[in-house]
Amino acid sequence: MECFMCKGTLEDKVSAFMTELDSYIVIVKNVPSQVCAQCGEVSYSNEVARQLEKIVETVKIASCNALASTEIAVVNYALPAA
Ligand SMILES: [Zn+2]
């Protein structure tokens with residue numbers, strides 16, 4: 001696979017994914033990803049991207065219930081409990 005930005009070589013690495021929700025930030029650690037050796041662009045497989053969406057959604061729901069005062073949520077990348 002090559003980088004869609006610069007055609008550099010993509011390397012398999014784990015990295016942190018960060019996204020901003022309404023009032024807080026969600027950081028997902030240890031995400032399997034492909035990182036460009038040349039420009040540092042990070043990309044995720046479709047499967048991982050879908051999983052990230054699920055994790056963020058789960059955190060969003062949990063934060064509404066219990067973590068109202070938390071501004072930053074840090075979770076590990078993992079399959080959600082069924
Ligand atoms: Zn690149």
Side-chain angles (χ1 to χ4, degrees):
M1 250 174 93
E2 56 183 28
C3 176
F4 72 94
M5 298 286 283
C6 73
K7 308 291 181 199
T9 306
L10 291 178
E11 297 175 340
D12 286 327
K13 281 185 179 174
V14 290
S15 59
F17 169 83
M18 193 180 84
T19 189
E20 210 171 326
L21 295 177
D22 298 340
S23 59
Y24 57 93
I25 291 166
V26 178
I27 298 168
V28 185
K29 295 196 298 184
N30 303 318
V31 183
S33 59
Q34 284 78 48
V35 181
C36 177
Q38 197 161 294
C39 73
E41 178 73 15
V42 179
S43 55
Y44 304 101
S45 69
N46 289 338
E47 190 189 347
V48 170
R50 272 200 301 273
Q51 187 60 26
L52 283 172
E53 280 179 27
K54 281 188 202 167
I55 290 170
V56 169
E57 193 62 29
T58 303
V59 170
K60 202 173 170 181
I61 293 163
S63 70
C64 289
N65 294 338
L67 303 171
S69 62
T70 302
E71 291 179 349
I72 300 176
V74 182
V75 293
N76 264 299
Y77 180 86
L79 292 171

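Below, all heavy atoms of this structure are taken into account, side chains as well, without hydrogens, waters or symmetry copies. In each ligand, atom 1 is the first atom listed, and ligand 1 is the first ligand listed.
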> Does Ser15 have any side chain to side chain donor-acceptor pair (under 3.5 Å) partners at least two apart in sequence or in another chain, and if so, which?
Replying inline: Ser33
> If we only count heavy atoms from C-beta on, is the Phe17 to Val42 side-chain gap below 4.5 Å?
Replying inline: no
> Taking only residues two or more places apart in sequence, or in another chain, which ones meet Thr9 in a side chain to side chain contact (heavy atoms under 4.5 Å, CB included)?
Replying inline: none
> What residues form a side chain to side chain donor-acceptor pair (under 3.5 Å) with Asp12, not counting sequence neighbours?
Replying inline: Gln34
> Looking at SG of Cys36 and NZ of Lys7, how far apart are the two atoms once the value is rounded to the nearest 0.5 Å?
Replying inline: 11.0 Å
> Roughly how far, to the nearest 0.5 Å, is the CG atom of Asn46 from the CD atom of Gln51?
Replying inline: 13.0 Å
> Which protein N, O or S atoms does the Zn ion (ligand 1) have within a distance shorter than 2.8 Å?
Replying inline: Cys3 SG, Cys6 SG, Cys36 SG, Cys39 SG
